[in-house]
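Report on one structure; see the data block that follows.
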Amino acid sequence: MGKLAAYPRQNGLALALRELGRIERTMFTLEWIQSPDLRRRVHLGLNKGEARNSLARAIFFYRRGAVRDRLREDLQNKASGLNLVVAAIVLWNTVYLEQAVAALERQGTPIPAECLPHLSPLGWEHINLTGDYIWDLRQTTTLQRLRALRRGTVSVQNGLESKVG
C-alpha cells in the first residue's frame, strides 16, 4: 500500500483500492446507523480502552508526567514499566473482584451471569498513587491470605465473611 501511495501518478490499482475502501466505509456507516447493538458494542470497547488509558495516565507521575527521555531504550523502559504497573493493578483488582463476587454468592446474593462481563478491574480510587512505597519481600500475600474487603456489605478474610457495619 505504501508503494502504491508513493507513485507520482496514481495507477488503476491504487484508484480501485481507494474506491473499495470508500465502499467498505460506507457499508460500515450504514450498518452503524441501523444497528443500535453495534453502536453499543463499539462504545463499550471504547470505554474500556479509555478506562485503561485513564489508569495509565493516573499512574504516570500522578497525572503530571511527561516523558522527557530522548533515548529509545529509556522510552521503552518507561513504557514497559508503566504497562507492568497497570497489569499489576488489574490483576490485584481482578483477584479482589473475584473474592467479592464469591463472598456475595456465599452470603446468598448471587450476581446474575449477564452482569459479570460488565465488571471492570480498571478502578484505582483505592490505590495510593502518590505515597511512599515500601517493598518487604519477606512478607507475601497469597490467595489464602488476602486483605479484608472494605466499603461494602461483606468483609472477606481468610475465607470467612462477615457484615461490614
Side-chain angles (χ1 to χ4, degrees), residues 1-105 109-133 135 137 140-143 146 149 151-152:
M1 294 303 282
K3 286 184 179 183
L4 289 173
Y7 287 142
R9 287 181 48 206
Q10 294 296 316
N11 63 19
L13 179 60
L15 294 173
L17 288 174
R18 184 182 307 137
E19 291 304 317
L20 186 62
R22 288 179 179 159
I23 292 170
E24 186 70 29
R25 188 172 46 231
T26 302
M27 289 174 55
F28 177 79
T29 303
L30 291 173
E31 186 180 356
W32 177 270
I33 291 169
Q34 292 177 344
S35 174
D37 186 51
L38 174 64
R39 292 192 302 268
R40 193 172 19 261
R41 284 194 332 259
V42 169
H43 283 293
L44 285 173
L46 290 173
N47 288 341
K48 287 178 185 177
E50 283 301 315
R52 190 259 178 226
N53 291 337
S54 294
L55 173 59
R57 277 192 300 275
I59 293 168
F60 190 62
F61 297 122
Y62 196 63
R63 299 184 185 162
R64 291 181 289 222
V67 177
R68 292 182 174 87
D69 295 323
R70 292 201 171 116
L71 296 177
R72 180 179 172 93
E73 185 176 337
D74 292 338
L75 291 170
Q76 286 178 331
N77 286 339
K78 283 194 177 177
S80 296
L82 179 61
N83 286 333
L84 181 63
V85 172
V86 168
I89 289 173
V90 168
L91 174 63
W92 178 270
N93 289 341
T94 301
V95 167
Y96 276 92
L97 280 171
E98 181 182 27
Q99 292 295 312
V101 168
L104 287 171
E105 288 176 349
T109 311
I111 306 296
E114 63 270 6
C115 293
L116 292 176
H118 301 288
L119 292 176
S120 174
L122 292 169
W124 71 88
E125 296 81 14
H126 58 288
I127 297 175
N128 181 6
L129 296 174
T130 61
D132 294 329
Y133 300 95
W135 302 97
L137 297 177
T140 60
T141 300
T142 65
L143 291 177
L146 296 173
L149 293 173
R151 291 169 126 189

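Atom CG of Leu119 is separated from atom CD1 of Ile111 by 7.5 Å, given to the nearest 0.5 angstrom. Considering CG of Leu84 and CG of Asn77, their distance stands at 12.0 Å, rounded to 0.5 Å. Note that OG of Ser54 and CZ of Arg57 are 4.5 Å apart. Values are rounded to the nearest 0.5 Å. For the atom pair CG of Leu15 and CG of Leu20, the computed distance is 12.5 Å after rounding to the nearest 0.5 Å. In this structure, OH in Tyr96 is found 11.0 Å from CG in Leu91, a value given to the nearest 0.5 Å. Atoms CZ and CD1, on Arg18 and Ile23 in that order, are 13.0 Å from each other to the nearest 0.5 Å.
When the salt bridge (Lys or Arg N to Asp or Glu O under 4.0 Å) test is applied to Arg22, the partners found at least two apart in sequence or on another chain are Glu19.
Annotation: side chain of Phe28 is in contact with side chain of Leu38 (closest heavy-atom distance under 4.5 Å). Within the 4.5 Å cutoff, no side-chain heavy atoms of Asp74 are placed close to those of Lys78. Looking only at side-chain heavy atoms (C-beta outward), Asn93 and His126 come within less than 4.5 Å of each other.
Thr94 and Pro121 get closest at one heavy-atom pair: OG1-CB, 3.4 Å. Contact detail for Ala51 and Trp124: the closest heavy-atom pair is O-CZ3, 4.5 Å. Across every non-hydrogen atom of Ser120 and Leu97, the tightest pair is O-CD1, 3.7 Å.
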